[in-house]
Number of protein chains: 2
Amino acid sequence: MKRQTIKEILADYKKFIHQDITIQGWVRAFRSNRFIALNDGSTIENIQAVVDYEKWDEHLIKNIKTASSLKITGEVVESEGKGQAVEIIVKKIDILGDNFSEEMEKTVLQPKKHSLEILREQAHLRFRTNLFGAVFRVRSAVSFAIHQFFNQNQFFYINTPIITGADAEGAGEMFGVTNFDLNNIPKNDAGEVDFTEDFFGKKTSLTVSGQLEAETAAMGLGRVYTFGPTFRAENSNTTRHLAEFWMVEPEVAFNNLEDNIDLAEDFLKFVIQYVLDHCKDDLAFLDKRFAEEQKQKPEKDRAKEGLIEKLEKVVKSRFKRVSYSEAIDILMNSKENKKGKFQFPVEAWGADLQSEHERYLVEKHFECPVVLFDYPKEIKAFYMRLNEDNKTVAAMDVLFPGIGEIIGGSQREERLDVLQQKMNEMGVDQEELWWYLDTRKFGSVPHAGFGLGLERLVLFVTGMTNIRDVIPFPRTPKNAEF
Amino acid sequence: MKRQTIKEILADYKKFIHQDITIQGWVRAFRSNRFIALNDGSTIENIQAVVDYEKWDEHLIKNIKTASSLKITGEVVESEGKGQAVEIIVKKIDILGDNFSEEMEKTVLQPKKHSLEILREQAHLRFRTNLFGAVFRVRSAVSFAIHQFFNQNQFFYINTPIITGADAEGAGEMFGVTNFDLNNIPKNDAGEVDFTEDFFGKKTSLTVSGQLEAETAAMGLGRVYTFGPTFRAENSNTTRHLAEFWMVEPEVAFNNLEDNIDLAEDFLKFVIQYVLDHCKDDLAFLDKRFAEEQKQKPEKDRAKEGLIEKLEKVVKSRFKRVSYSEAIDILMNSKENKKGKFQFPVEAWGADLQSEHERYLVEKHFECPVVLFDYPKEIKAFYMRLNEDNKTVAAMDVLFPGIGEIIGGSQREERLDVLQQKMNEMGVDQEELWWYLDTRKFGSVPHAGFGLGLERLVLFVTGMTNIRDVIPFPRTPKNAEF
């Protein structure tokens, strides 16, 4: 790519002083018919181009508006104004694309503050705002850091199927995938839908997790991870739920629960440190926005730390590792519980933890990320390894401040007989999962893995609060626009 | 990760001589009750562990079988045997997982050569074979190289929606996504399916391309790429078609067609060079396999070059850039065409090129990768930029030896009026694509992009011939097992 981005020019501006350069981008602001703030998406920073309007055709100057796209050639000089080190003295200017000003009044491109709701309705234009430019550059950096971490730790990236014939895991309601004309569905003699006539010859759905398939891959390749879209057909209209989201699922042969927790901690710290190192400008912007948001809140609801401060603290902290049983004791004996301040009082060992309990542990009791492990077997999935106490399984959840659960994982049950008994008890179809059971028959090995919802992590890193604002085109009940 | 992989040990074996190490893996072979070849998936290479069987419990030795999983501790010594630099003198041995020998007879884990068809039926066990271990490690390296290339060229990774309400692009038949109980679909007063009652309140499908959404992102972020699953509900049972496959789609603001071709060429060379540099062992294995396959063929059908030789040649070559019109001339005047050797004779300008024509150009005429550009507008999609001749569009296809089209792309039509006219002519719904048109209204800019099918590239790099063998769990008509 021969063209220089604004990011490259600003990062190394001394090299360009008194040289002519060409830049292309969109007008963020045009002040006094003289100062154009141009942005090309490579960074949140604009470059200032200075037009001597007396030298230029009036018509041209009139057509330079917010959101217009320009190609500018000019000389880079040190800036006398505040806020930028260099600016460009314009020698040549081309308008690449007009804006249709009247229609623009209806868009989020007009220069004023828009609510996040309105921005969501114009998701295709969000990329051109400072806020969403920052969010999606950070999301990209998070994604790259994830690949980088696993690659340098000798993991292999594998793609597990999106369309699946299995619905055994029961992690949530699934979307159906079909090639049928819904106005004309073939029926069998019993009057039921004849799925043998469908594209795949059986009922198929969108995956809720690639874990079981990833386990089969780990049983050959050793260390693997998935990173792809997953789906939940849950009718939840909240700030935490998406019908379509991206999930990361490492799976490691020979790892036990402790290795799994170590991996999760190393992984999260690596990704957050990567963002701190590589997204300084965007984080500075998001940090400021976060601070302003906090000011709007009543004092008691304000975050104790700034955004960047919070990220740096997580990287430096040692995650506190606490068994479920210890956590229940802490919760049962807490003032909050005794005074009836929890919406769901913690009454006995065996209770499933709610978000309020997780946040109490993280934000009030330990004041650092917490890893809970060894949960009651009844509240966890069939594939988690049964501990020797016969009551708990080798599960682990990583809890983060402000977010709650950010990672959930476990050591997997590698013993065929124990697994089969678990499946019987929990009503999981063994015939359908014949291939999963196979991996326990031919050289089964201890192994462990976890799942991370990408959007949860991006929420944490950007300080955004609605999950719809950290994925380019959110899919939610009654909403599949774009 | 504290544990050493076999890859790490073999790569730096001198460091480990006379040290005790612990390795875990699966038995690939056990010869003479003495030599265990152990593999842990980190590399195609095994490590040899030597057991002095007289020292060990007979029962234990008897249970070490092909496909068993072991944990071995022992001393690393220089090997006297051929084929390995070091071996391990076993001091401690644990069987982690038995194999159920009788059942194993039915699997592809038994030590003999299996057909690729049989291996496909046991896709969950393919990861444990040398061939598929190599293929999926290479696939992983290709994927990482793709992220690396774009990241170092300042692209942002964006996730375009998998579930889409748009079906305007018409790139192929789409799978429906629904939350309806197909036995009980709500109908409206007209007796038709009432999609307002479905999860998203409208008819939704699985995406065939993220391009249009990626364009909106490029109009803000500058350089973006997608890398995710795409779908075709085409009933094609061939070695080249999958119903679910992974696609890479960069989209770059301010790029014209030539920039786009430069990007495609740089990109492909980077990825192939990355694999040459990082997958030496696996490529050596695949190269040998490729050579053996060629020997089975009649001489006239054999590849001219070895696998690695082919890859090195592509990296060193300059891709030949040829306009569609020139290519048609070459084809019309070719001996093959005149002698009626093409299944589809090339008769006039305007004809769509078939695979046989593409391969003639690449393999016979130019003998190097070829980029065709400026195609007749009638045979290309509505969004491609109309050239000044009013007859052709700024499209480009990259053609590779043995594969044909590996990349297809274009400069996009950024002029609102021309785009709208094109959409009218080709019957593309403008109302549905209101958001796409918006990007041409508010600071439209020239831009270009392309699509690469990941599996096509992995086929090329591994020398495999059936696309089902380069994706872990292939989805094809009547097949969605696992």
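Just so we're on the same page: letters track the sequence lines, and every chain starts at 1. Keep in mind it's a predicted model, so treat the numbers as computed, not measured.
- For Val445(B) against Leu96(A), the heavy-atom pair with the smallest separation is CG1-CD1, 4.1 Å.
- Across all their heavy atoms, Asp259(B) and Arg3(A) have their closest contact at OD2-NH1, 3.9 Å.
- Looking at Leu182(A), the atoms closer than 4.5 Å to chain B (heavy atoms on both sides) sit in the backbone and in the side chain alike.
- Pro477(B) is not listed as a side-chain neighbour of Phe200(A), based on a closest heavy-atom distance of 4.5 Å or more.
- Contact of Asp262(A) with chain B is made through the side chain alone, with heavy-atom distances under 4.5 Å.
- Phe442(B) has its side chain within reach of Glu103(A): a pair of non-hydrogen atoms, C-beta onward, lies under 4.5 Å apart.
- Nearest heavy atom pair, residue Asn179(B) against residue Met174(A), reads OD1-O, 3.8 Å.
- Residue contact with chain B, scored on non-hydrogen atoms closer than 4.5 Å, is absent for Phe150(A).
- Between Trp434(B) and Phe482(A), the angle of the ring planes lies from 30° to 60°, which puts this pair in the tilted group.
- The structure places CZ of Phe473(A) at 10.0 Å from OG1 of Thr164(B), a figure rounded to the nearest 0.5 Å.
- Residue contact with chain B, scored on non-hydrogen atoms closer than 4.5 Å, involves the side chain of Trp26(A) exclusively.
- For chain B, the nearby part of Gln154(A) is the side chain; its heavy atoms alone come within less than 4.5 Å.
- Looking at Glu455(A), there are no atoms closer than 4.5 Å to chain B (heavy atoms on both sides), in backbone or side chain.
- Looking at heavy atoms from C-beta onward, Val224(B) lies out of side-chain contact with Phe136(A) at the 4.5 angstrom threshold.
- Once rounded to the nearest 0.5 Å, the distance linking OG1 of Thr107(A) with NZ of Lys441(B) reads 10.5 Å.
- If you measure heavy-atom distances from Arg475(B) to chain A, the contacts under 4.5 Å come from both the backbone and the side chain.
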